[in-house]
Amino acid sequence: MGGIGKTTLVREVYNHFAMEKRFEEQSFLKDVRSIPDPLDLQKQLVYDLLQEDLQSSEKFSYWFDRFMGRKVLIVVDDIDHRSQFNVLIPDIDKLARGSRILVTSRDQNVLSNIMRGDGHLTAMHEVELMSPHDSYQLFNWHAFYNEKASDGFQDLARKVADACCRLPLALEVIGAFLFDKKRPEDRDCWHQATETLRANGDILNQLKISYDGLSSDEARLMFKDIACFLIGKDEQMAMQIFESCNSYKGPQVSFHALMDKSLVTLDSDRRIRMHDLLRDMGRNVVTKQSQIEGQRSHLWDPAIAERVLRKNQGTDAVRGLSVAGAKDGAAWKAETYTRMSELHFLILDHCQVKGDFSTWSEELRWLQWWSLPLSELPPTLSLLNLSVLDLTGSKTFLCKELRMLILKDCTALEELPQTIGKLSRLKNLDLQGCSTLKALPDSVGELVELMQLNLSNCRSLERLPDTIGFLSKLKKLWLTNCTKLKFLPTEFGKLQRLDEFWADATSLSRLPHSFSQLSNLEDLHLHNALTRLSRLKNLDLQGCSTLKALPNSVGELVELTQLNLSNCTTLERLVSLHVPIASFHLTDSFLEHLMKYSFCLYSFFKFSPIFENQKAISNLSLFP
């Protein structure tokens, strides 16, 4: 059953073996049945195991053959049909001996079908309900942040936990709901929760207790918006949308309320996640409200949305709509969207919409139109209040009020117009996979609010403009696989707020002198890039006070003779240098950090890998 802990258990197993490094490579493919395009999962699998970029499903078999000889660990989480497994693991025989595949499903027949007759060792594990003792403890951790209930609430806590039927998801959500209700006058709330849980055997109705208990209409609206349209989306993107909507006065507060109640979570990539049972509960709420009010507000199912358009049933109650992948019909006629004057979210992926756009809603905040077939956005389309425009795989853009512009995999995009500098409120520019883009215009330096710039896999990019140093708020910059990029601008060090910099697999032949001025840099990734700096003799990173670790490729700089890490006050680890260096500078703060993990300074010098080959060191400076 859903919510019993299948994904949690398989994640624990996966993390255990990942930590032990028992496998050469590993990949965790989550929520497989909820991802409509298998190419997205194939891309993740190829990148996780080979660090390569898959462009199309037709090429997947080529890359899968490259898995041969590699001992891998693969998790295929939550499937409901064998075809979902086959499209990811087409030939298990090509995996190396000792590889493991873990599959989760609610349907035992699906797993049996996968395991039948392949000649490989297989095992089935049926996840059981938690024991009464464990379920009581889990509830207490969420309701009291302790394995024991607070005085005066022990009996109440046990009754609520029992009413959750030992289902981990319910224990977590209901526990979080009751966390701030521990005053004497709140005891009635606990009694009501127990009675409601016992009266509603349906898990969705049980979970709805937490939704009903949200303290504001704004938080409830946000929960519905996420459940219908924003699961899997980047947190920052979602906040840009919410902040631009008049219906949200304090979106950060509402979002944290959902987090506190365990109704939504963020994964390691800060993408919004929601358990599928909570998603179903949220969508049920929307459906029932629509039946009562006689008008639909959220049309997340393209088939239903297309039927509404065909019958001309769209009204000003419609807040969001998706017709992704719809065939030629009502969804392709611009005029059918006219009556939805309050439309905020619109997803038109792969749709060739034509006609009169002048009557479309001016309330649009998020327009997602992947593989837009037009050479330009319709000139009559009002984008006055648009906050996020996602044209992944398309050929065009632009709109003045944008906060986020996503042009991912726009392979025909060779250049950006100078007018991009007029996007004065833009905070996130995603150009990853624009493989024919050769350069950025100088006007990029006018994007004074820009915080993230992603140029990964822009394999034709040859240079960055000198004006990039004017991006005073830029925090994250990705240049991974920009294979033709040979140098960084002289003024690169002016990016004073840059805290994350990825330049793996580039052709960088030198770093600018200003590089050491990046005082906020925390994450530096130069895998397969520093090795091209084969003649680098002096690496000066002094003052990078937030840098936590050096990339391992520093150890391959065969000509390096001077390494300065002065005032790198948060540096946590060093790398092994394979050649002697003559000058090495550290500060006392780093040594103090190391002393927390060493009995004495002598043990650090004796055992630290950076000194293994340093018989020729002549100048060791420890400041002060």
Side-chain angles (χ1 to χ4, degrees), residues 1-20 28 30 75 77 102 104 125-201 203-215 219 223 255-268 273-278 281 596:
M1 64 188 303
I4 200 170
K6 297 182 295 297
T7 299
T8 300
L9 179 59
V10 78
R11 171 66 74 179
E12 286 297 312
V13 175
Y14 177 85
N15 288 343
H16 170 76
F17 285 105
M19 288 289 291
E20 287 198 345
F28 194 109
K30 193 173 186 297
V75 172
D77 173 55
L102 304 179
T104 70
H125 173 72
E126 183 171 351
V127 181
E128 299 178 349
L129 286 170
M130 302 182 75
S131 69
H133 174 74
D134 287 344
S135 61
Y136 179 56
Q137 276 199 341
L138 178 62
F139 174 81
N140 288 342
W141 276 115
H142 289 282
F144 303 99
Y145 282 6
N146 196 302
E147 64 180 26
K148 295 182 179 180
S150 300
D151 291 342
F153 282 86
Q154 291 93 336
D155 289 341
L156 285 171
R158 192 171 295 280
K159 289 178 180 178
V160 175
D162 289 344
C164 288
C165 302
R166 294 186 282 159
L167 195 64
L169 178 64
L171 292 163
E172 176 183 350
V173 172
I174 303 302
F177 163 65
L178 293 170
F179 171 74
D180 56 357
K181 298 174 177 60
K182 293 190 282 288
R183 299 171 302 174
E185 56 266 35
D186 291 330
R187 296 174 66 87
D188 284 345
C189 184
W190 287 67
H191 287 297
Q192 291 173 9
T194 304
E195 292 172 4
T196 303
L197 287 167
R198 287 174 176 169
N200 292 295
I203 179 61
L204 297 186
N205 288 328
Q206 290 182 339
L207 296 175
K208 189 173 178 290
I209 294 174
S210 189
Y211 167 82
D212 291 336
L214 290 170
S215 59
F223 178 77
F255 187 74
H256 283 291
L258 299 182
M259 294 272 290
D260 291 342
K261 300 301 181 185
S262 296
L263 292 172
V264 300
T265 59
L266 292 174
D267 65 15
S268 58
R273 298 297 177 190
M274 179 184 289
H275 194 282
D276 52 3
L277 287 179
L278 291 171
M281 180 268 287
K596 297 177 184 177

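All heavy atoms count here, side chains included; hydrogens, waters and symmetry mates do not.
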Could you tell me the separation between the CG atom of Leu204 and the CG atom of Leu277, rounded to the nearest 0.5 Å? 6.0 Å
Contacts of Phe223 meeting ring-ring contact (aromatic ring centres under 6.0 Å, His included) (sequence neighbours excluded), chain-then-number -> Tyr211
Give the minimum heavy-atom separation between Leu263 and Leu278, together with the two atoms involved. O-CD1, 3.6 Å
Output all residues satisfying salt bridge (Lys or Arg N to Asp or Glu O under 4.0 Å) with Asp77, sequence neighbours left out; order by chain, then residue number. none
Could you walk me through whether Leu207 and His275 satisfy the side-chain contact (heavy atoms from CB on, under 4.5 Å) test, starting with their C-alpha distance in whole Å, then the side-chain angles of each, then the deciding distance to 0.1 Å, before giving a yes or no? CA-CA 11 Å; Leu207 296 175; His275 194 282; over 6 Å; no
Quick test of your reading: applying salt bridge (charged side-chain N to carboxylate O under 4.0 Å, His left out), list the pairs with at least one residue in residues 175-187, sequence neighbours left out, ordered by first then second residue. Asp180-Lys261, Arg183-Glu185, Arg183-Asp186
If you take all heavy atoms of Thr7 and Lys30, which pair is closest and at what distance? CG2-CE, 4.1 Å
Residues which pass side-chain contact (heavy atoms from CB on, under 4.5 Å) with His256, listed by chain and number, not counting sequence neighbours: Gln252
I'd like to check the salt bridge (Lys or Arg N to Asp or Glu O under 4.0 Å) partners of Asp155; sequence neighbours left out, ordered by chain and number. none
Scan residues 131-141 for pairs that pass salt bridge (charged side-chain N to carboxylate O under 4.0 Å, His left out), counting only residues two or more places apart or in two chains. none
Compile the donor-acceptor pairs under 3.5 Å between side chains in residues 139-146 and protein atoms, sequence neighbours left out, one pair per line.
residue	atom	partner	partner atom	Å
Asn140	ND2	Tyr136	O	3.4
Asn140	ND2	Glu147	O	3.0
Asn146	OD1	Lys148	N	3.0

By side-chain hydrogen bond (donor to acceptor under 3.5 Å, both in side chains) - contacts of Asp188 (at least two apart): none
Minimum side-chain heavy-atom gap Lys159-Arg198 below 4.5 Å: yes
Rounded to the nearest 0.5 Å, the CD1 atom of Ile209 sits from the OG1 atom of Thr194 at a distance of 8.5 Å
For residues 162-171, which side-chain N or O atoms pair as donor and acceptor with protein atoms under 3.5 Å away, sequence neighbours left out?
residue	atom	partner	partner atom	Å
Arg166	NH1	Met130	O	3.1

Supply the atom-to-atom distance Leu258 CG to Thr265 OG1, rounded to the nearest 0.5 angstrom. 11.0 Å
Atom CG in Leu102, atom CZ in Arg11: separation rounded to 0.5 Å? 11.5 Å
Evaluate side-chain contact (heavy atoms from CB on, under 4.5 Å) for His133 paired with Gln137, printing each intermediate quantity in order. CA-CA 6 Å; His133 174 74; Gln137 276 199 341; 3.7 Å; yes
Can you sort out the partners of Asp267 under side-chain contact (heavy atoms from CB on, under 4.5 Å), two or more places apart, ordered by chain and number? Asp269, Arg271, Arg273
Please list, chain by chain and in numerical order, all residues satisfying side-chain contact (heavy atoms from CB on, under 4.5 Å) with His16, sequence neighbours excluded. Glu20
Considering all heavy atoms, the nearest Phe177-Gly213 contact: CE1-CA, 3.5 Å
Could you work out, with side-chain contact (heavy atoms from CB on, under 4.5 Å) as the rule, every residue matching Leu266, not counting sequence neighbours? Glu235, Phe255, Met259, Arg270, Ile272
His191 and side chain to side chain contact (heavy atoms under 4.5 Å, CB included): which single residue from Thr196, Val160, Leu156 fits? Leu156
